[in-house]
Amino acid sequence: MSNLQDFNNLFADLASSAYFHRPNSYPSYSFGKNTSKPYDYSKSARSDDASHELTLGGTNLPHDGIVNLQRDPSLHTVEVTGTHQTPQENGGFASTTYLIQKYKKGRLTDERAGFNAYFLTDTETLNDKTQNAYIAVRGSDAIGIENANDWVSNDGAFAVGNAYIPQAKLAYTGMKQTLKDMQQKAPNAKLNVTGHSLGTMVSAQAVAKLYQEDPKSFAQIGKVVLFDGPDVTTSLKKMGLSDQEIKAVGKKVTYYVNPLDVVSMLNRTQDIKDQFGTVHYIVPLNFTDTLNKKNSAHDFGEFQMNAQGQPLEASSTFHPEMITAGKQLAKLIDNTINKLKDLLTGKGLSRVLQLLLAGVGVEKLAALGLGGGEIGKICGEFIKGYAKIVAQARDAALKWDQQHIDSLQGQIKQATGAKKVTLRQELLVTVAQLAVTASEKHAEKLNQELDAAHEKIELTLKNAHSAVQTLGSVLPAAELNARLSDFTLAHIWNDGTEALDKQQAKTYQTELEQFGASLIQIGNHIEQTDSQGAAGFKQQMAETVKDWS
């Protein structure tokens, strides 16, 4: 899991906080007797998991970065019970009730269905002074076996059949009720919506349903800003919206998607201008895939916010290889799903996709009875094809970085104002990416060379022992053992030196990663750092090192 580097984008902040164990996590808060809880995104915060990862406070945020999480008065606990009959001594049966399940249910919550969303306002309470309200929809914490409810009924149903998913129906009802309250208490306020992953599908379909069923409520929707989600055009058509209606809804919707992320690139084979909403392909912080445990392409840590607080975006003039990679991945996903549809249907297909995206290899799929024969071949081709796309994108991105440092420096000299600030940040990001990648390659190469040398020496010793053993018919055993006594790994290879070399390579990599992270943070706060001079740079470096310790 990787978190946002800073809180410079309020919509990303809210979408992230909808999850457990994130900085400023909403699910972690218990209201008690309070009716609202303020969150200040201008201040730094740490995640509440074992990593205690730091996200820096944001700047230039709407309403100074302060929003208020509102308590849902309709939230209550539902008990699902069953009965069984017990025979009585005198005949007949006695009914005994037993508890099957407890779950919470409310306007924006249905734990049984896996649906959780949060209502926030820019005022302490919803009133006539409220200008902006927000609904943040939680997605799936991970594409994993543990999230079967989210996946089978929602993610999987969408991926396989572009369905109008159950959680979207719940979100539509909750949004409609929330907007009814707003029309009474805050008639001039706008309701903005955000979400990540599954939360994007839920949000987009719910808002589209509002357009269909309740135009008055839809008019009060402000911005819909979504992160790392698939295109929903086909599902909206299945819901009965025309092309014209889809375009009308899309005017309020903005996507930021990682072109190296499988979820983001689902259903995105059409030209970007023909996809639902306004779509931006980001330049990720790390060039990794969705399955990467440390820096997943599907996580918030891959978003780099520019000096204006917007995710750093690929274009025809800035990292165009990311757009190419996104197109390639979208096509690979589409081809893979179509091939699997010829062999599987319904829940079987959904299950294979779930396990495949959760990082379960082809061998494990086969062991589960899901990946044998042609299915295993298709899944294997996907894994190899995906790795190739990511590797090519990474190489192309680094080549772009190397080729454009001089160009960016020249453009900076000619630029003024906001354009100059943006170019300076792009230069810092470029240098940071090169520094981090160089350190990774150096450490990886050193480790590979040490491992190869270790393996070669072991093989040489084995061959030497075999050769000497052939002399057994002409030399006494004692002399053979004497000749072999110095031909052991312990005499020739120093494990301590190997460990020290690897540790030094790791330290070198960490220091350059810290340097790169500092450059990116300076880019995100470049005007503030300018005013502080060298002292500001040193302070940023110190804060980065402290956060990594």
Side-chain angles (χ1 to χ4, degrees), residues 3-4 7 9-20 22 24-27 39 41 67 69 107-111 113-120 132-143 147 149-151 153-155 157-159 164-176 178-179 190-211 218 221-233 235-236 249-250 252-258 261 263-264 266-267 275-280 282 296 298-300 302-303 311:
N3 295 307
L4 293 167
F7 289 132
N9 182 287
L10 185 62
F11 284 99
D13 303 341
L14 304 183
S16 171
S17 291
Y19 286 95
F20 285 100
R22 303 284 182 166
N24 287 337
S25 173
Y26 303 148
Y39 286 86
Y41 288 98
V67 291
L69 178 65
R107 177 180 292 183
L108 294 173
T109 303
D110 189 331
E111 289 183 339
F115 171 61
N116 294 274
Y118 303 89
F119 179 57
L120 304 102
N132 280 287
Y134 303 86
I135 285 181
V137 182
R138 189 198 307 168
S140 300
D141 283 283
I143 306 171
N147 295 313
N149 188 33
D150 279 352
W151 179 264
S153 299
N154 294 277
D155 299 270
F158 180 88
Y164 176 29
I165 56 180
Q167 288 190 24
K169 298 173 184 178
L170 294 169
Y172 161 69
T173 302
M175 285 183 191
K176 189 172 180 179
T178 301
L179 284 162
K190 289 290 187 182
L191 178 62
N192 306 285
V193 182
T194 190
H196 169 264
S197 189
L198 170 60
T200 69
M201 309 172 215
V202 174
S203 300
Q205 290 185 344
V207 169
K209 193 66 175 177
L210 274 176
Y211 179 88
F218 177 80
I221 294 290
K223 297 178 180 179
V224 182
V225 183
L226 307 173
F227 302 89
D228 285 343
D231 182 70
V232 298
T233 301
S235 72
L236 298 185
V249 178
K252 295 193 176 189
V253 180
T254 301
Y255 282 91
Y256 293 98
V257 295
N258 187 338
D261 170 39
V263 179
S264 294
L266 179 63
N267 292 345
Q275 296 173 23
F276 176 66
T278 301
V279 183
H280 303 278
I282 69 164
S296 171
H298 191 55
D299 215 337
F300 289 97
E302 292 306 295
F303 286 89

For D231, give me all partners under side-chain hydrogen bond (donor to acceptor under 3.5 Å, both in side chains), at least two apart in sequence or on another chain. T233
Verify side-chain contact (heavy atoms from CB on, under 4.5 Å) between L210 and Y172, making sure each step is shown before the conclusion. CA-CA 7 Å; L210 274 176; Y172 161 69; 3.8 Å; yes
Can you find a heavy atom in the side chain of F303 that is under 4.5 Å from one in the side chain of Y256? yes
Do we get K223 above F11's six-membered ring, with its NZ or CZ under 6.0 Å from the centre and within 45° of the axis? no
Any sub-3.5 Å donor-acceptor pair from S16's side-chain atoms to A12's backbone N or O? no
If I compare all heavy atoms of T200 with all of D228, which pair ends up nearest, and what's the gap? CG2-C, 4.5 Å
Please report the shortest heavy-atom distance between H298 and H196, naming the atom on each side. O-NE2, 2.8 Å
As an exercise, state the distance from CG of L236 to OH of Y211, rounded to the nearest 0.5 Å. 12.0 Å
Evaluate the criterion side-chain contact (heavy atoms from CB on, under 4.5 Å) for residue pair V207 and M175; output intermediate values, then yes/no. CA-CA 8 Å; V207 169; M175 285 183 191; 4.1 Å; yes
Between L179 and I221, is any pair of side-chain heavy atoms under 4.5 Å apart? yes
Shortest non-hydrogen separation from S235 to Q205 and the atoms involved: OG-NE2, 3.1 Å
For P27 versus S17, what's the shortest heavy-atom pair and its separation? CD-O, 3.4 Å
Examine the side chains of R138 and Y118 and answer whether a donor and an acceptor come within less than 3.5 Å of each other. yes
With a 3.5 Å distance limit and no angle check, can you tell me whether N192 reaches the backbone of V224 through a side-chain donor-acceptor pair? no
Heavy-atom distance under 4.5 Å between the side chains of I135 and L191, does that happen here? yes
Does any N or O in the side chain of T254 come within less than 3.5 Å of the main-chain N or O of V225, such that one atom is a donor and the other an acceptor? no
Between Y255 and H280, is the ring pair (Phe, Tyr, Trp, His ring centres under 6.0 Å) condition met? List the steps. CA-CA 6 Å; Y255 282 91; H280 303 278; 9.9 Å; no
Could you state the interatomic distance from CG (L120) to CG (N132), rounded to the nearest 0.5 Å? 11.5 Å
Side chain Q167, main chain G114, donor-acceptor under 3.5 Å: yes
Are any of the side-chain nitrogens in D299 or R22 under 4.0 Å away from the carboxylate oxygens of its partner? yes
Classify the angle between the aromatic ring planes of Y41 and Y39 as parallel (below 30°), tilted (30 to 60°) or perpendicular (above 60°). parallel
Could you tell me whether the side chain of L226 reaches within less than 4.5 Å of the side chain of S203, counting heavy atoms only? yes
Between F218 and K252, is there a cation-pi geometry (under 6.0 Å to ring centre, at most 45° from the normal)? yes
Set out, in order, the CA-CA distance, both residues' side-chain angles and the distance that settles side-chain contact (heavy atoms from CB on, under 4.5 Å) for L69 and Y26, then state yes or no. CA-CA 8 Å; L69 178 65; Y26 303 148; 4.1 Å; yes
side-chain contact (heavy atoms from CB on, under 4.5 Å) between F276 and V253: does it pass, once the steps are laid out? CA-CA 8 Å; F276 176 66; V253 180; 3.8 Å; yes
Please determine, by modelled atom types, if D261 and S264 share a side-chain donor-acceptor pair under 3.5 angstrom. yes
With sequence neighbours left out, the residues meeting salt bridge (charged side-chain N to carboxylate O under 4.0 Å, His left out) with D13 are none
Do you know which two heavy atoms are closest between A15 and F227, and how far apart they sit? CB-CD1, 4.2 Å
Show me the pairs that pass salt bridge (charged side-chain N to carboxylate O under 4.0 Å, His left out) and involve residues 197-206, at least two apart or across chains. none
Under 3.5 Å, side chain of S197 to main-chain N/O of G199, donor-acceptor pair present? no
Non-hydrogen side-chain atoms of Y134 and V193 separated by less than 4.5 Å: no
Of all the heavy-atom pairs spanning A136 and L14, show the shortest one and how long it is. CB-O, 3.6 Å
